[in-house]
Protein chains: 2
Amino acid sequence: MKNGKPSRKERDYLRHRQEILQTALELFSQRGFHNVSMHEIATASEFAVGSLYKFFSNKEDLYRALMIDTSKVFHSSLMAALTTSGNELEKIRACVEARIKVFMENIDYVRLYLAETRGASFNIKAGLDSDIKIRYNVFLQKLANVFESGIRKKVFKKFDPYLLAVALDGISNAFLFEHFNNPDKHPFDASLILDIFFQQIYEKGEMEKCNLVK
Amino acid sequence: MKNGKPSRKERDYLRHRQEILQTALELFSQRGFHNVSMHEIATASEFAVGSLYKFFSNKEDLYRALMIDTSKVFHSSLMAALTTSGNELEKIRACVEARIKVFMENIDYVRLYLAETRGASFNIKAGLDSDIKIRYNVFLQKLANVFESGIRKKVFKKFDPYLLAVALDGISNAFLFEHFNNPDKHPFDASLILDIFFQQIYEKGEMEKCNLVK
DNA sequence: TCATATGTTGAATTTTGATTCATATCATGA
DNA sequence: TCATGATATGAATCAAAATTCAACATATGA
């Protein structure tokens with residue numbers, strides 16, 4: 001590398017590294033960190049075991065690189081959607097759509113991502129907390145800000161904006177899982193999510209009857 | 001055992017088994033299946049390694065027993081709530097409340113449960129699919145039936161009832177996680193969940209302006 | 001009290017899989 | 001073409017953990 005122009009060797013190195021990561025991603029997302037051996041990754045990526053250790057100092061390091069790399073793609077994609085021009089609803093819609101898009105394009109990664117952000121992260125001794133989870137919380141907070149702004153403008157009702165963000169995120173994830181389990185029956189669609197989230201579920205008039213309303 | 005009355009030995013056996021499961025649950029939920037050794041479980045439960053194999057044929061079997069046993073408690077608790085007397089909203093409220101209660105009482109189990117039902121089940125080669133997940137789907141379907149009944153009575157709007165169930169489930173899980181991560185800031189409360197789920201989030205009048213409504 | 005059955009133990013064995021490193025292969029430039 | 005350094009290989013090593021089993025303890029009841 002001479003100021004900015006990577007040499008062929010360097011490009012090769014990076015490409016090889018990328019190939020390994022991609023293969024590992026597929027295997028991990030299929031069977032989980034502990035049920036995939038370095039030998040398998042080596043065979044599947046057409047390298048020798050020893051070579052893997054030229055790229056990553058150990059299995060955990062490989063996994064970490066994988067997760068962090070991809071989480072950056074996710075994160076910037078979602079954040080970009082939230083900075084889109086438009087009113088609050090348009091931002092939120094863009095965000096839901098971006099999420100669908102990026103999830104669909106990285107389906108292998110999603111199971112691992114959700115396991116790390118939502119589930120209990122048992123794969124790595126420590127460390128993804130201080131990266132993926134933080135990034136995830138930044139996103140949630142930014143989404144909350146959009147809700148808050150909508151509330152200030154009296155477009156949304158006065159709910160805790162952070163909880164709204166959590167709720168929307170929860171619905172999205174739930175639909176995503178549903179889609180995984182049954183892709184044909186449940187297309188994964190932004191309007192579906194937004195409709196259920198934003199429209200009142202009660203029929204007009206019925207809501208006043210119940211004790212839910214303050 | 002002579003028709004129904006378990007002998008002392010049998011009660012001992014069952015109690016010991018239960019103690020092992022309880023210990024294992026704590027350890028697994030803390031550090032995950034693969035990061036807990038049989039020796040640790042043995043030490044913590046005050047048995048010898050060998051003894052564990054008198055109760056369970058191997059580690060995976062122990063884990064499976066653990067998950068299935070507890071999932072039954074969960075399941076029957078949620079199902080009972082849905083069979084409560086009352087109208088649709090009352091059933092749904094009862095269900096959300098039951099979920100909160102049973103989750104709080106089995107916090108150790110919850111992380112594992114969610115990992116298995118929502119995340120990818122990487123711990124067990126195969127088998128929990130055909131048990132926990134099925135039970136979970138039965139619950140979802142039953143919840144969907146309640147929504148459907150509400151829709152027939154024109155109390156709820158015409159959404160796909162199954163998707164409503166998925167959405168409510170998703171919100172509940174999301175709030176649960178939030179509560180885990182920040183117990184003081186986010187009390188885990190049924191009304192909160194139901195409010196966000198059932199009340200329109202848009203201010204009156206604002207909804208008509210947007211392109212969301214059909 | 002003793003013989004038998006039943007339950008418990010944990011050191012020894014086996015398995016699994018991560019990691020290493022001496023050797024082979026390849027690319028480069030003299 | 002050959003020497004040299006860089007890179008790739010995978011059999012051998014090592015460590016961790018699952019599983020086994022011969023020996024030990026304890027309870028039962030004749």
Side-chain angles (χ1 to χ4, degrees), chain A residues 1-2 5-28 30-67 122-127, chain B residues 1-2 5-28 30-67 122-127:
Chain A
M1 157 101 76
K2 215 175 239 172
K5 302 119 195 156
S7 68
R8 186 170 61 72
K9 274 202 177 165
E10 283 162 336
R11 279 182 289 120
D12 274 3
Y13 173 87
L14 252 27
R15 191 161 36 74
H16 289 171
R17 191 187 128 103
Q18 207 42 50
E19 282 170 11
I20 293 170
L21 286 177
Q22 183 55 41
T23 312
L25 173 56
E26 280 159 31
L27 292 172
F28 284 146
Q30 214 96 50
R31 311 213 306 279
F33 180 75
H34 288 286
N35 298 317
V36 175
S37 72
M38 290 299 264
H39 272 89
E40 283 179 282
I41 298 173
T43 310
S45 61
E46 294 173 86
F47 283 92
V49 223
S51 303
L52 299 187
Y53 288 85
K54 289 283 164 15
F55 295 92
F56 308 99
S57 63
N58 54 43
K59 190 182 175 186
E60 198 171 299
D61 185 48
L62 163 49
Y63 183 77
R64 195 193 315 274
L66 183 58
M67 297 304 288
F122 295 140
N123 295 331
I124 291 297
K125 291 190 187 55
Chain B
M1 157 102 75
K2 215 176 240 174
K5 302 118 195 155
S7 67
R8 185 170 61 71
K9 274 205 176 158
E10 283 163 335
R11 280 180 289 121
D12 273 3
Y13 173 87
L14 252 27
R15 191 161 37 72
H16 289 171
R17 190 187 128 103
Q18 207 42 49
E19 281 169 11
I20 294 169
L21 286 177
Q22 183 55 41
T23 313
L25 174 56
E26 280 159 31
L27 292 172
F28 284 146
Q30 213 96 47
R31 310 212 306 279
F33 181 75
H34 289 285
N35 298 317
V36 175
S37 73
M38 290 300 264
H39 272 88
E40 283 179 282
I41 299 173
T43 310
S45 59
E46 294 173 86
F47 283 92
V49 225
S51 302
L52 300 188
Y53 287 85
K54 287 285 161 15
F55 293 91
F56 308 98
S57 64
N58 55 43
K59 189 182 176 186
E60 199 172 298
D61 185 48
L62 162 50
Y63 183 77
R64 183 181 283 116
L66 183 57
M67 297 303 289
F122 295 142
N123 296 329
I124 292 297
K125 290 184 190 59

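Chain identifiers are assigned alphabetically (A, B, ...) following the order of the sequence lines, protein sequences preceding nucleic acid strands; residue numbering begins at 1 within each chain. This one's a predicted model, so the numbers in the text were calculated from it and none came from an experiment. When reading the values below, keep in mind they use all heavy atoms of this one structure, side chains included, and skip hydrogens, waters and symmetry mates.
Formation of a donor-acceptor pair under 3.5 Å by the A/Glu26 side chain with backbone atoms of A/Thr23 is not found in this model.
Taking atom CG on A/Asn58 and atom P on D/dA15, their separation rounds to 16 Å, with Å as the unit. One atom, CZ of B/Phe56, and another, P of D/dA18, lie 15 Å apart when rounded to the nearest Å. Distance, B/Tyr13 OH to C/dT8 P: 10 Å, rounded to whole Å. Between the CZ atom of B/Arg31 and the C1' atom of D/dA17 there is a distance of 13 Å, given to the nearest Å. C/dG7 atom C1' lies 18 Å from atom OH of B/Tyr53, rounded to whole Å. Rounding to whole angstrom units, CZ of residue B/Phe55 and C1' of D/dT19 are separated by 17 Å. Going from atom CG of B/Leu14 over to atom C1' of C/dG7 covers 16 Å, rounded to whole Å. Rounded to whole Å, atom C1' of D/dA8 lies 14 Å from atom CD of A/Glu19.
Side-chain proximity of B/Lys54 to C/dT8, C/dG10, D/dA18: nearest is C/dT8. Candidate nucleotides D/dT19, D/dT9, D/dA8 were compared by shortest atom distance to the side chain of A/Ala48, and D/dT9 ranks first.
Within 4.0 Å (heavy atoms only), B/Phe47 reaches sugar-phosphate atoms of the nucleic acid but no base atom. As judged by a 4.0 angstrom heavy-atom cut-off over every strand, A/Ser37 is placed among residues touching the sugar-phosphate backbone only.
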B/Phe56 vs B/Tyr63, ring pair (Phe, Tyr, Trp, His ring centres under 6.0 Å): CA-CA, chis, key distance, verdict: CA-CA 9 Å; B/Phe56 308 98; B/Tyr63 183 77; over 10 Å; no
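The ring of A/His34 has its center no closer than 6.0 angstrom to the ring center of B/Phe33.
In this structure, A/His34 does not reach the C/dG17 phosphate: none of its side-chain N or O atoms is under 4.0 Å from OP1 or OP2. Between A/Lys59 and C/dA18, a side-chain N or O to OP1/OP2 separation shorter than 4.0 Å is present.
Positionally, the nearest nucleotide of DNA chain C for B/Val49 lies more toward the 5' end than for the other of A/Val36 and B/Val49. DNA chain D is contacted by both B/Ser51 and A/Leu52; A/Leu52 maps to the nucleotide lying nearer its 5′ end (nearest heavy atom per residue).
With no hydrogens or angles considered, no side-chain donor-acceptor pair links A/Gln18 and A/Gln22 at under 3.5 Å.
The side-chain heavy atoms of A/Ser51 and A/Ile20, taken from C-beta on, include no pair separated by under 4.5 Å.
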